[in-house]
S.K.: 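Got a structure for you, written out below as structure tokens; questions coming shortly.
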Amino acid sequence: MDMDRVSSLVRQLLIEIGEDPDREGLVRTPERVAKALRYLTSGYGKNASDVINGAIFESKEDNMVIVRDIEVYSLCEHHMMPFFGRCCIGYVSRGRVLGVSKLARIVDCFSRRLQIQERMTREIARAVKDSIGAEGVGVVMECRHLCMMMRGVEKQNSVMVTSSVLGSFHDDAPTRAEFMALAGRRAAN
């Protein structure tokens, strides 16, 4: 990202909306916004294998592994407004498990891009499944979207829930139901 160019564009945007970019409170705003955007979109420079960084371990266990309440912060690609919430990831391994913190890092990898929640949920599930060859993977994400809360229909209490289930979580109803129950969601029949 060309930080000087982004700062210049933000300065021009301030002028376009009727602000004075030279007033005391806004003098450094273009640079701050450029730095924030670099961080908030840092996922474009990463992929799942980079963030996993080899933290895959052999395990004879074939139980379900679940990490709940992983914080999610992203920007919607339609209005570039924040959406935020939590993510639950579960999988059944085939002899290989991920270091637990890597699940949160996979979420960050995909959330730090312009996103739609539906696609991000699927991308996270696919990354987990592909990285360890899991028998099955489930991801449930619950987020509040400021584009819906601050503008448009202005619905303050709306929460979007998305899920992606792959492998045995898709094909086997009892496995899917177990995951959804542990994730805190009731499975659809």
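Only a predicted model underlies this, so the values are computations on that prediction, with no experimental measurement involved.
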S.K.: Within the supplied structure, the quantity of interest is the number of heavy atoms (other residues, nucleotides, ligands) at a distance under 6.0 Å from R28 CZ; does it exceed 12?
M.R.: no

S.K.: Quick check: does any side chain N or O of R113 sit under 3.5 Å from a backbone N or O of G43, one acting as donor and the other as acceptor?
M.R.: yes

S.K.: Between C76 and H79, what is the shortest heavy-atom contact and its length?
M.R.: SG-N, 3.2 Å

S.K.: Check for me, please, whether I66 and V137 land in the same ILVMFWY cluster - side-chain distances under 4.5 Å, paths through other members count.
M.R.: no

S.K.: Using 0.5 Å steps for rounding, measure from the OG1 atom of T29 to the CD atom of E19.
M.R.: 9.0 Å

S.K.: Look at the side chain of E123 and the backbone N and O of F110, then say whether any donor-acceptor pair between them is shorter than 3.5 Å.
M.R.: no

S.K.: Grouping I, L, V, M, F, W and Y whenever their side-chain heavy atoms are under 4.5 Å apart, do V72 and V67 come out in a common cluster?
M.R.: yes

S.K.: Just wondering, do F169 and K129 contact through their side chains at under 4.5 Å, heavy atoms?
M.R.: no

S.K.: Once you round to the nearest 0.5 Å, how far does NE2 of H170 lie from OG of S164?
M.R.: 9.0 Å

S.K.: According to a 4.5 Å side-chain heavy-atom criterion applied to Ile, Leu, Val, Met, Phe, Trp and Tyr, with indirect links allowed, do L37 and M3 form part of one hydrophobic cluster?
M.R.: yes

S.K.: For the residue pair S131 and K102, establish whether any side-chain heavy-atom pair is separated by less than 4.5 Å.
M.R.: no

S.K.: Between the main-chain N or O of L182 and the side-chain N or O of R68, is there a donor-acceptor pair closer than 3.5 Å?
M.R.: yes

S.K.: Restricting to non-hydrogen atoms, name the atom on R176 and the atom on D171 that form the minimum distance, rounded to 0.1 Å.
M.R.: NH1-N, 4.4 Å

S.K.: Does any N or O in the side chain of Q115 come within less than 3.5 Å of the main-chain N or O of S74, such that one atom is a donor and the other an acceptor?
M.R.: no

S.K.: Tell me if a side-chain donor or acceptor on S8 pairs with a main-chain N or O of D4 at a distance below 3.5 Å.
M.R.: no

S.K.: Taking the side chain from R11 and the backbone from S7, do they hold a donor-acceptor pair closer than 3.5 Å?
M.R.: no

S.K.: Give, for atom CE of M141 and atom CD1 of I124, the distance between the pair rounded to the nearest 0.5 Å.
M.R.: 3.5 Å

S.K.: With a 6.0 Å cut-off (strictly less than), is the heavy-atom count around CE of M81, excluding the residue itself, greater than 12?
M.R.: yes

S.K.: Check S163 against V140 and note the closest heavy-atom contact, atom names and distance.
M.R.: CB-CG2, 4.0 Å

S.K.: Looking at E142 and V159, would you say the former's side chain and the latter's main chain have a donor-acceptor pair under 3.5 Å?
M.R.: no

S.K.: Given H78 and I116, is the side-chain contact (heavy atoms from CB on, under 4.5 Å) satisfied, shown in steps?
M.R.: CA-CA 8 Å; H78 302 129; I116 61 172; 3.5 Å; yes

S.K.: Set out, in order, the CA-CA distance, both residues' side-chain angles and the distance that settles side-chain contact (heavy atoms from CB on, under 4.5 Å) for M148 and M160, then state yes or no.
M.R.: CA-CA 10 Å; M148 190 169 170; M160 182 177 191; over 6 Å; no

S.K.: Roughly how far apart are L146 CG and R151 CZ, rounded to 0.5 Å?
M.R.: 11.0 Å

S.K.: Does some side-chain heavy atom of S111 sit less than 4.5 Å from a side-chain heavy atom of M120?
M.R.: yes

S.K.: Taking P30 as the fixed residue, which of V10, L13, V6 is the one that meets the side chain to side chain contact (heavy atoms under 4.5 Å, CB included) rule?
M.R.: V10

S.K.: Has Y73 got a side-chain atom pairing as donor or acceptor with L40's backbone, closer than 3.5 angstrom?
M.R.: no

S.K.: Sequence neighbours excluded and cut-off under 3.5 Å, please list the side-chain donor-acceptor pairs for residues 89-98, or say none.
M.R.:
unit_1	atom_1	unit_2	atom_2	d
Y91	OH	L98	N	3.1
S93	OG	E61	O	3.0

S.K.: Does I132 belong to the same Ile/Leu/Val/Met/Phe/Trp/Tyr cluster as V139, with side-chain heavy atoms less than 4.5 Å apart forming each link?
M.R.: yes

S.K.: Treat each ILVMFWY residue as a node, draw an edge where side-chain heavy atoms are under 4.5 Å apart, and state whether M80 and Y39 are in one component.
M.R.: yes

S.K.: Could you tell me the separation between the CG atom of D108 and the CG atom of L103, rounded to the nearest 0.5 Å?
M.R.: 11.5 Å

S.K.: Is the shortest side-chain heavy-atom distance between L26 and D20 below 4.5 Å?
M.R.: no

S.K.: Q12 versus E16: any side-chain heavy-atom pair under 4.5 Å?
M.R.: yes

S.K.: Given 3.5 Å as the limit, does a donor-acceptor pair link the side chain of R144 with the main chain of Q156, or not?
M.R.: yes

S.K.: Can you tell me how far SG of C109 sits from NZ of K46, rounded to the nearest 0.5 angstrom?
M.R.: 7.0 Å

